[in-house]
Number of protein chains: 2
Amino acid sequence: MKHDPRFDEARDRHDSRSNPVFVGVERAIHEHRLPPGTRLAEAELCEIYGVSRTIVRAGLQALTHSQLVTLVPNRGASVAKPTPSDAQEVFEARELIEPRTAREAARRATPADIELLRRHSAEEHKALEARDYGRSLRLSGLFHTEIARISGQKTLLGFVDQLVSRSALIIALYWHRERARCDSQCHERLIDAIAAAKPDEAETLMRSHLVDIHTALDFRDAGDSSRDLRDMLLP
Amino acid sequence: MKHDPRFDEARDRHDSRSNPVFVGVERAIHEHRLPPGTRLAEAELCEIYGVSRTIVRAGLQALTHSQLVTLVPNRGASVAKPTPSDAQEVFEARELIEPRTAREAARRATPADIELLRRHSAEEHKALEARDYGRSLRLSGLFHTEIARISGQKTLLGFVDQLVSRSALIIALYWHRERARCDSQCHERLIDAIAAAKPDEAETLMRSHLVDIHTALDFRDAGDSSRDLRDMLLP
DNA sequence: AGCTCATAAATTGTATACGATATCGAGATT
DNA sequence: AATCTCGATATCGTATACAATTTATGAGCT
């Protein structure tokens with residue numbers, strides 16, 4: 001046996017993805033159950049997830065690498081608080097990268113991919129109607145990473161993943177209007193362009209969609225709130 | 001005291017950057033002392049750097065996140081071996097992102113920045129004349145990340161950093177000609193464009209520079225070699 | 001000889017123990 | 001009353017111990 005291809009799948013996502021702390025905290029951040037700035041004490045996470053500090057620390061370091069968590073030496077971890085300047089940068093980066101993934105997705109999407117996108121969009125719509133704010137936000141992000149996945153560029157997918165993640169924090173801090181009205185419209189039109197295999201249109205739609213969100217950000221207060229960790233992570 | 005700004009510096013780079021395993025292995029990869037595929041046994045790294053497995057494992061996980069190391073569950077770590085398809089992707093991503101950082105650098109570079117770039121370029125040239133292949137390669141990569149730093153986009157800097165890192169592995173695997181002749185020419189011209197504050201020109205030069213390298217890659221054999229870890233890491 | 005399976009050695013995964021650093025609070029000082 | 005100092009407590013950083021898994025070795029079999 002020369003090389004077992006299973007390893008290639010195993011390695012990529014099973015480093016952080018198999019860590020319950022990483023998965024749980026990431027998801028809680030995506031769903032806005034963990035507000036920016038929340039302190040993440042190791043002992044507390046140990047109890048919540050029933051693992052030792054070894055696992056907790058590995059998870060926190062992984063979260064730090066994706067910039068969802070800020071780790072201050074000797075003083076512990078807390079949910080990251082992107083500054084207005086960070087927010088600008090993240091959206092500038094998205095405006096550079098995602099039009100490309102949308103273009104490529106339009107060139108490569110299979111019928112199954114389109115089906116998946118439409119299903120996601122429907123789910124997002126449903127969550128929004130059910131007032132399940134957190135879930136709709138997570139699905140909205142998933143839509144963007146799904147397009148990156150369809151584009152077939154694993155490297156760009158990694159970047160988009162990170163940018164979408166951070167966007168959840170940015171939206172938590174700097175978004176005030178009733179959101180996602182534009183989203184569902186924009187997302188539908190993007191799917192149509194991709195399904196019609198129109199790369200130029202998909203690229204343009206994606207760019208303007210991101211610019212829309214970007215320009216709607218509102219940089220003022222960034223107040224703190226402190227509730228109980230267990231409440232935010234367990235449900 | 002509300003918020004000590006030193007933390008902002010401390011947090012960013014002092015997570016992985018203070019780990020001797022991360023720093024040492026990263027540098028060895030950048031300088032082509034650690035060929036792709038080299039196995040990285042934990043016990044061996046413990047001895048080499050005089051630290052416990054805790055530190056070694058943290059370093060290996062950080063290296064995995066920057067995709068320099070492949071970590072297979074229960075079977076340990078080895079230096080990553082980007083496939084030809086990975087290599088294509090990395091350069092496509094660089095061709096998307098780095099023209100932007102070059103453009104921004106041309107708009108924002110201070111005289112001190114230009115000075116620094118010229119000094120780096122001179123060092124690189126010297127290393128090349130001294131046949132110090134590893135050093136010249138590392139400096140060549142540093143040139144690209146330095147431009148990203150000057151662009152002022154921390155987010156894109158992070159991506160460029162990762163892409164340049166992986167490029168060292170890609171060059172180790174898929175580059176055969178006598179290299180870096182083009183580089184020093186290209187780099188000089190790029191500095192000139194940036195110094196002259198010509199964003200369009202800097203952007204174009206960067207793009208064609210990257211395309212040059214990309215098209216010169218040669219995807220054939222990817223043979224293994226196994227020497228002693230200590231020899232590759234300690235000097 | 002080549003193969004299979006069992007056992008031993010090596011290596012990784014996780015938990016815990018201990019030392020270092022930071023945080024908090026009581027009492028003294030200005 | 002506010003600030004400062006110093007000890008107690010909590011929290012983090014690193015090393016180590018033990019369990020789980022993989023890899024290497026060799027006897028026995030076809």
Side-chain angles (χ1 to χ4, degrees), chain A residues 1-11 13-25 37-65 69-80 224 226 228-230, chain B residues 1-11 13-25 37-65 69-80 224 226 228-230:
Chain A
M1 168 187 50
K2 275 202 148 180
H3 181 73
D4 187 336
R6 271 181 310 129
F7 293 160
D8 293 334
E9 310 162 25
R11 110 175 103 79
R13 295 266 162 210
H14 272 73
D15 183 28
S16 311
R17 233 73 207 178
S18 65
N19 183 318
V21 179
F22 181 89
V23 174
V25 173
T38 309
R39 184 166 155 65
L40 300 166
E42 296 182 1
E44 209 166 353
L45 293 168
C46 290
E47 282 183 36
I48 292 173
Y49 293 105
V51 293
S52 76
R53 282 181 56 217
T54 307
I55 310 296
V56 168
R57 288 178 63 83
L60 288 176
Q61 285 188 235
L63 288 161
T64 299
H65 291 131
V69 160
T70 297
L71 207 49
V72 181
N74 282 314
R75 300 186 43 180
S78 53
V79 178
D224 283 281
S226 39
D228 189 50
L229 244 198
R230 203 166 276 92
Chain B
M1 166 186 52
K2 273 206 148 179
H3 181 73
D4 186 337
R6 273 180 307 129
F7 293 160
D8 294 334
E9 311 162 25
R11 110 175 105 78
R13 294 268 163 206
H14 272 72
D15 183 28
S16 311
R17 233 74 206 178
S18 65
N19 183 318
V21 179
F22 181 88
V23 174
V25 173
T38 309
R39 185 168 154 64
L40 300 166
E42 296 181 2
E44 210 165 353
L45 293 168
C46 290
E47 282 183 35
I48 292 172
Y49 292 105
V51 293
S52 78
R53 282 181 56 218
T54 306
I55 310 296
V56 168
R57 288 177 64 84
L60 289 175
Q61 284 188 237
L63 288 161
T64 300
H65 290 131
V69 159
T70 296
L71 207 49
V72 180
N74 284 313
R75 300 184 44 178
S78 53
V79 178
D224 283 281
S226 40
D228 187 52
L229 246 198
R230 205 165 273 92

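Values reported hereafter were calculated over all heavy atoms of this structure, with side chains retained and with hydrogens, waters and symmetry mates removed. Every chain is numbered from 1, with letters handed out A, B, ... down the list of sequences.
- Protein atom CG of B:Asn74 is 12 Å distant from nucleotide atom C1' of D:dT23, rounded to whole Å.
- Taking the side chain of A:Glu42 as heavy atoms from C-beta on, and the options D:dC12, C:dT12, D:dT22, the nearest nucleotide is D:dC12.
- Rounded to a whole Å, the CD atom of B:Gln61 is 11 Å from the C1' atom of C:dG13.
- The CG atom of A:Leu45 sits 16 Å away from the C1' atom of D:dA10 (whole-angstrom rounding).
- Between atom CD1 of residue A:Ile48 and atom CG of residue A:Leu40 there is a gap of 9.0 Å, rounded to the nearest 0.5 Å.
- Atoms CZ and OG1, from B:Phe22 and B:Thr64 in turn, are 10.0 Å apart once rounded to the nearest 0.5 Å.
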task = Kindly indicate, with the supporting measurements, whether the criterion side-chain contact (heavy atoms from CB on, under 4.5 Å) is fulfilled by A:Tyr49 and A:Val23.
result = CA-CA 11 Å; A:Tyr49 293 105; A:Val23 174; over 6 Å; no
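- Shortest non-hydrogen contact noted between A:Ser78 and A:Gly37 is CB-O, 3.8 Å.
- In this structure, the CG atom of A:Asn19 is 10 Å from the P atom of C:dA15, given to the nearest Å.
- Atom-to-atom distance recorded for A:Thr70:OG1 and A:Leu60:CG is 11.0 Å, nearest 0.5 angstrom.
- Between A:Arg75 and C:dT23 there is a side-chain N or O to OP1 or OP2 distance below 4.0 Å.
- For the pair A:Glu44 CD and D:dA10 C1', the computed distance is 13 Å after rounding to whole Å.
- To the nearest 0.5 angstrom, A:Leu63 atom CG is 10.0 Å from A:Leu71 atom CG.
- Put simply, CG on B:Leu60 is 16 Å from C1' on C:dT14, counting in whole angstrom units.
- Within residues 51-59 of chain A, the residues approached by DNA chain C to less than 4.0 Å at the level of any non-hydrogen atom are A:Ser52, A:Arg53, A:Thr54, A:Ile55, in residue-number order.
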